[in-house]
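Report on one structure; see the data block that follows.
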Amino acid sequence: MQLTTVVATMISLVGSTSTVSWAQTPATDSTAVREVVRQFHDALASGDSATVLALLAEDAVILEGGAIESRAAYRAHHLPVDIRFAQAVPAQRGAPRVTVAGDVAWVTSSSEVAGTFEGRPLSSAGAELMVLTRSAGGWRIRAVHWSSRRRPNP
């Protein structure tokens with residue numbers, strides 16, 4: 001039921017945005033959104049939890065491992081593990097695909113990781129969806145959804 005609420009909220013954000021323009025958006029919006037996502041990943045890889053949290057809106061939700069976490073729950077639980085993971089196992093990221101509709105944007109990308117984490121070998125392919133909204137303070141991440149699947153170990 002919670003996932004349904006998250007999806008409905010995202011659809012509502014897009015549907016209720018009064019400045020939505022379905023025409024091509026300016027490149028500056030796409031560039032700014034792409035930059036926020038890059039900063040988020042760079043902050044994870046460098047262990048900069050303050051920047052990760054600054055880029056997440058106060059009401060952000062993180063969907064990972066079959067769970068839905070608030071920003072506060074993510075900070076307390078998964079963020080430290082995500083930082084250790086990003087530092088231990090570099091990801092090969094595919095080019096992000098950015099869509100901007102008014103003050104809402106979503107970014108999809110794929111990744112591949114191979115290495116060892118906490119003494120266990122791993123090889124996986126992942127997909128990411130981030131939903132961002134524009135406010136007076138700039139673009140902020142409102143939702144992150146990560147999923148992955150195992151790949152055969154090399």
Side-chain angles (χ1 to χ4, degrees), residues 1-15 17 25 27 29-101 103-134 138-154:
M1 187 61 119
Q2 290 180 344
L3 180 58
T4 304
T5 303
V6 170
V7 171
T9 300
M10 288 182 206
I11 291 169
S12 171
L13 282 170
V14 172
T17 303
T25 57
D29 284 343
S30 293
T31 300
V33 167
R34 188 176 283 109
E35 179 63 13
V36 169
V37 172
R38 185 197 61 74
Q39 289 175 4
F40 180 85
H41 287 292
D42 287 354
L44 283 174
S46 69
D48 183 357
S49 62
T51 296
V52 169
L53 293 170
L55 294 170
L56 292 171
E58 289 295 322
D59 62 347
V61 293
I62 293 81
L63 292 77
E64 179 179 21
I68 300 172
E69 290 184 315
S70 67
R71 181 181 180 272
Y74 178 69
R75 177 183 188 186
H77 301 115
H78 275 115
L79 177 57
V81 175
D82 286 348
I83 285 173
R84 287 195 313 270
F85 184 85
Q87 290 177 328
V89 186
Q92 298 300 317
R93 299 194 182 286
R97 181 173 175 223
V98 178
T99 304
V100 179
D103 292 335
V104 178
W106 52 97
V107 182
T108 57
S109 62
S110 61
S111 63
E112 293 185 7
V113 297
T116 303
F117 182 64
E118 297 181 343
R120 292 177 286 173
L122 61 92
S123 178
S124 65
E128 175 181 271
L129 167 66
M130 288 197 186
V131 178
L132 296 85
T133 57
R134 180 188 359 233
W139 290 97
R140 291 294 172 258
I141 300 167
R142 299 291 294 271
V144 180
H145 184 200
W146 285 306
S147 65
S148 62
R149 61 177 160 62
R150 283 188 182 166
R151 297 172 46 123
N153 287 330

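No hydrogens, no waters, no symmetry mates; every other heavy atom, side chains included, goes into these values.
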Measuring from [X]:[atom1] to [Y]:[atom2], what's the distance to the nearest 0.5 Å?
| X | Y | atom1 | atom2 | result |
| --- | --- | --- | --- | --- |
| Arg97 | Ser110 | CZ | OG | 12.5 Å |
| Thr116 | Leu122 | OG1 | CG | 7.0 Å |
| His145 | Leu63 | NE2 | CG | 5.0 Å |

Give every residue pair that meets the salt bridge (charged side-chain N to carboxylate O under 4.0 Å, His left out) criterion with at least one member in [range], sequence neighbours excluded.
| range | answer |
| --- | --- |
| residues 108-131 | Arg84-Glu118, Glu112-Arg151, Glu118-Arg120 |
| residues 30-44 | Glu35-Arg38, Arg38-Asp42 |
| residues 67-76 | Glu58-Arg71 |

Val36 side chain reached by Met130 side chain, heavy atoms, under 4.5 Å: no
Close side-chain approach of Phe40 and Leu132, heavy atoms under 4.5 Å: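 A side-chain contact under 4.5 Å is absent here.
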Just checking, any donor-acceptor pair under 3.5 angstrom between side chains of Arg142 and Thr133?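 Arg142 vs Thr133: donor-acceptor pair found between side chains.
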Can you name the nearest heavy-atom pair linking [X] to [Y], along with the distance?
| X | Y | answer |
| --- | --- | --- |
| Leu44 | Gln87 | O-CG, 4.1 Å |
| Ser109 | Gly94 | CB-O, 4.2 Å |
| Ala91 | Ser111 | CB-CB, 4.5 Å |
| Ile62 | Ser70 | CD1-O, 4.4 Å |
| Pro90 | Val113 | O-CG1, 4.0 Å |
| Leu129 | Trp106 | CD1-CB, 4.0 Å |

Are the side chain of Arg140 and the backbone of Ala54 linked by a donor-acceptor contact shorter than 3.5 Å?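 Confirmed, Arg140 side chain pairs with Ala54 backbone.
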Tell me the ring pair (Phe, Tyr, Trp, His ring centres under 6.0 Å) pairs involving residues 49-101, sequence neighbours left out?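 Found Phe85-Phe117.
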Partners passing side-chain contact (heavy atoms from CB on, under 4.5 Å) against Ser49 (at least two apart in sequence or in another chain): Leu79, Ile83
By side-chain contact (heavy atoms from CB on, under 4.5 Å), which residues pair with Ala43, not counting sequence neighbours? Asp48, Thr51, Val52
